[in-house]
Protein chains: 2
Amino acid sequence: MASQLQSPETYGEIDPRVEALVHDLIAQVADKWTMILIEVLHDHGEQRFTQISKRVPGVSQKMLTQTLRQMERNGLVLRTVHPVVPPKVEYRLTKLGESLGEAFCGVWTWAEDNLETVETARQGFDERAAG
Amino acid sequence: MASQLQSPETYGEIDPRVEALVHDLIAQVADKWTMILIEVLHDHGEQRFTQISKRVPGVSQKMLTQTLRQMERNGLVLRTVHPVVPPKVEYRLTKLGESLGEAFCGVWTWAEDNLETVETARQGFDERAAG
DNA sequence: TTTCACACTCTCTTTTTGGTAAGTATAAAT
DNA sequence: ATTTATACTTACCAAAAAGAGAGTGTGAAA
């Protein structure tokens with residue numbers, strides 16, 4: 001398969017294993033729900049599962065659990081279980097989670113600032129394709 | 001906006017439709033291959049299809065074409081077709097593409113800076129889960 | 001005449017992802 | 001005795017994404 005051709009020297013000085021790790025980490029962390037959850041947890045502080053779900057329109061229970069778990073595993077979120085009935089579990093961002101939120105700021109503001117530019121580009125592209 | 005990660009009370013005032021547009025745009029633009037292609041196009045300037053594919057280990061032809069097209073549609077990439085045989089097509093980042101690359105820098109460096117922190121967090125989590 | 005180069009496109013198959021809905025545990029309230 | 005609340009887990013299924021591989025067009029070189 002020609003698509004798998006390798007040319008190691010093109011990556012220059014950077015260790016390709018580190019590159020791969022960075023790519024993987026970004027893929028996990030730049031996920032749609034993760035980004036939204038960071039936002040919600042930042043804006044509203046420590047919250048319970050149900051509160052979060054109400055603030056995030058469109059998440060299924062499954063995805064919320066899954067994303068929260070992954071974030072916890074990656075050290076972005078602290079999960080506190082209170083041994084009561086019915087269960088009470090609270091989530092909040094760790095320092096690491098907050099710092100990721102700050103790192104995302106650039107992308108967020110880029111998206112906000114360029115919504116129209118992108119929309120215009122799309123229209124141009126689609127017209128060229130059609131005409 | 002909430003993306004600025006500053007004050008909780010600003011969250012309520014945002015138009016949810018704009019929020020949704022921003023989320024969608026980020027989802028398209030924060031995609032794994034898009035990020036890698038921005039990097040490669042930034043580092044090596046204007047390149048042909050095959051050159052790019054050699055510099056990106058693991059992309060299939062399909063994904064490369066698809067991602068490049070999406071980027072072109074979003075105005076991130078300029079595609080230049082030279083009417084010769086065999087075909088010659090060159091790709092380069094637009095200003096918008098470059099600006100997105102800069103916006104990503106924060107996330108990129110966050111990932112590099114925190115690789116170990118995350119790895120440690122994961123090990124802790126996995127041990128807790130096992131034990 | 002066959003081969004090669006390049007940048008795709010198309011089809012088929014596999015893998016991954018995500019939704020839905022039901023089930024679990026427990027104590028208090030009705 | 002039944003319901004309610006919370007925070008899940010599990011099983012099943014449909015949809016979407018991605019991979020593999022073959023095919024396309026054209027002119028020049030072997």
Side-chain angles (χ1 to χ4, degrees), chain A residues 1-7 20 23-24 26-37 40-41 44 46-73 77-92 125 128-130, chain B residues 20 23-24 26-37 40-41 44 46-74 77-92 125 128-130:
Chain A
M1 26 187 137
S3 62
Q4 300 281 351
L5 285 176
Q6 290 178 347
S7 35
H23 286 157
D24 288 352
I26 290 180
Q28 257 190 47
V29 123
D31 160 78
K32 175 188 175 179
W33 294 126
T34 303
M35 287 195 285
I36 293 176
L37 290 187
V40 168
L41 287 170
H44 301 276
E46 192 169 50
Q47 293 160 77
R48 301 178 64 177
F49 186 88
T50 308
Q51 289 178 307
I52 298 172
S53 75
K54 285 179 187 164
R55 289 197 164 110
V56 182
V59 233
S60 65
Q61 221 174 25
K62 181 183 176 180
M63 288 313 293
L64 185 54
T65 306
Q66 212 172 88
T67 308
L68 247 10
R69 276 290 185 297
Q70 194 182 47
M71 290 173 77
E72 191 198 356
R73 190 171 109 95
V77 155
L78 186 70
R79 178 170 175 265
T80 311
V81 181
H82 302 273
V84 295
V85 168
K88 179 174 181 180
V89 180
E90 288 179 306
Y91 296 89
R92 67 178 174 82
F125 181 92
R128 261 171 276 138
Chain B
H23 286 156
D24 288 351
I26 290 180
Q28 255 189 50
V29 122
D31 160 79
K32 176 188 176 180
W33 295 126
T34 303
M35 287 195 285
I36 294 176
L37 291 186
V40 168
L41 287 170
H44 301 276
E46 192 171 50
Q47 294 159 77
R48 302 178 64 174
F49 186 88
T50 307
Q51 289 178 307
I52 299 172
S53 76
K54 284 178 186 166
R55 289 197 165 111
V56 182
V59 233
S60 65
Q61 225 173 20
K62 181 184 175 180
M63 289 312 294
L64 185 54
T65 306
Q66 213 172 87
T67 306
L68 247 12
R69 278 287 187 296
Q70 194 183 48
M71 291 173 77
E72 191 198 355
R73 190 171 109 95
N74 287 331
V77 154
L78 186 70
R79 178 170 174 266
T80 310
V81 182
H82 302 271
V84 295
V85 167
K88 179 174 181 181
V89 180
E90 289 179 307
Y91 295 90
R92 67 178 174 83
F125 181 93
R128 260 171 278 138

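For the numbers below, each heavy atom of this structure counts, side chains included, while hydrogens, waters and symmetry mates do not. Treat the numbers as computed from the prediction; the structure is a model and nothing was measured. Chain letters run A, B, ... following the sequence lines, proteins first, then strands; residues in each count from 1.
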Point-to-point distance, once rounded to the nearest 0.5 Å, from NE2 of A/His44 to CD of A/Gln51
10.0 Å
Per-pair distances, 0.1 Å, donor-acceptor, side chain in residues 79-90 of chain A, under 3.5 Å, sequence neighbours excluded:
{"unit_1": "A/Arg79", "atom_1": "NE", "unit_2": "A/Tyr91", "atom_2": "OH", "d": "3.3"}
{"unit_1": "A/His82", "atom_1": "NE2", "unit_2": "A/Glu90", "atom_2": "OE1", "d": "2.8"}

Here the distance between atom P of D/dC8 and atom CZ of A/Phe49, to the nearest Å, is 6 Å
Protein-proximity profile, nucleotides 14-30 of chain C, B/S/- by nucleotide at the 4.0 Å heavy-atom cutoff, equals ----BBB-B---BS---
Between atom CD in B/Gln51 and atom P in C/dA5, what is the gap in whole Å?
15 Å
What residues form a side-chain hydrogen bond (donor to acceptor under 3.5 Å, both in side chains) with B/Glu72, not counting sequence neighbours?
none
Between D/dA17 atom C1' and B/Arg69 atom CZ, what is the distance in whole Å?
19 Å
Would you mind reading off the distance between A/Lys54 atom NZ and D/dA5 atom C1', rounded to a whole angstrom?
11 Å
Verdict with supporting geometry, A/Val77 and A/Leu41, side chain to side chain contact (heavy atoms under 4.5 Å, CB included)
CA-CA 9 Å; A/Val77 155; A/Leu41 287 170; 3.7 Å; yes
Can you name the salt bridge (charged side-chain N to carboxylate O under 4.0 Å, His left out) partners of A/Arg92, sequence neighbours left out?
A/Glu46
Whole angstrom value for the distance that separates P of C/dA7 from CD of B/Glu72
15 Å
Tell me whether the OP1 or OP2 atom of D/dA7 has a side-chain N or O from A/Thr65 closer than 4.0 Å.
no
Please report, rounded to the nearest Å, how far the C1' atom of D/dA7 is from the CG atom of A/Leu64.
10 Å
For B/Met63, the side-chain contact (heavy atoms from CB on, under 4.5 Å) test, sequence neighbours excluded, returns B/Trp33, B/Val59, B/Ser60, B/Gln66, B/Thr67
Quick one: side-chain contact (heavy atoms from CB on, under 4.5 Å) partners of B/Gln28, sequence neighbours excluded?
A/Arg122, B/Gln70, B/Asn74
Compute the angle between the rotation axes at the two ends of the helix from C/dT1-D/dA30 to C/dT30-D/dA1, each taken over five pairs, rounded to 10 degrees.
40°
Where the side chain of A/Arg48 is concerned, which of C/dA7, D/dC8, D/dT6 is the nearest nucleotide?
D/dT6
Taking only residues two or more places apart in sequence or in another chain, which ones pass side-chain hydrogen bond (donor to acceptor under 3.5 Å, both in side chains) with A/Thr34?
A/Asp31
Expressed as a whole number of angstroms, how long is the span from A/Leu68:CG to D/dA7:C1'?
11 Å
Counting only side-chain N and O atoms of B/Arg79, is one of them less than 4.0 Å from OP1 or OP2 of C/dC8?
yes
Among residues at least two apart in sequence or on other chains, which ones pass salt bridge (charged side-chain N to carboxylate O under 4.0 Å, His left out) with B/Arg48?
none
B/Lys88 atom NZ is separated from C/dC8 atom P, nearest whole Å, by 14 Å
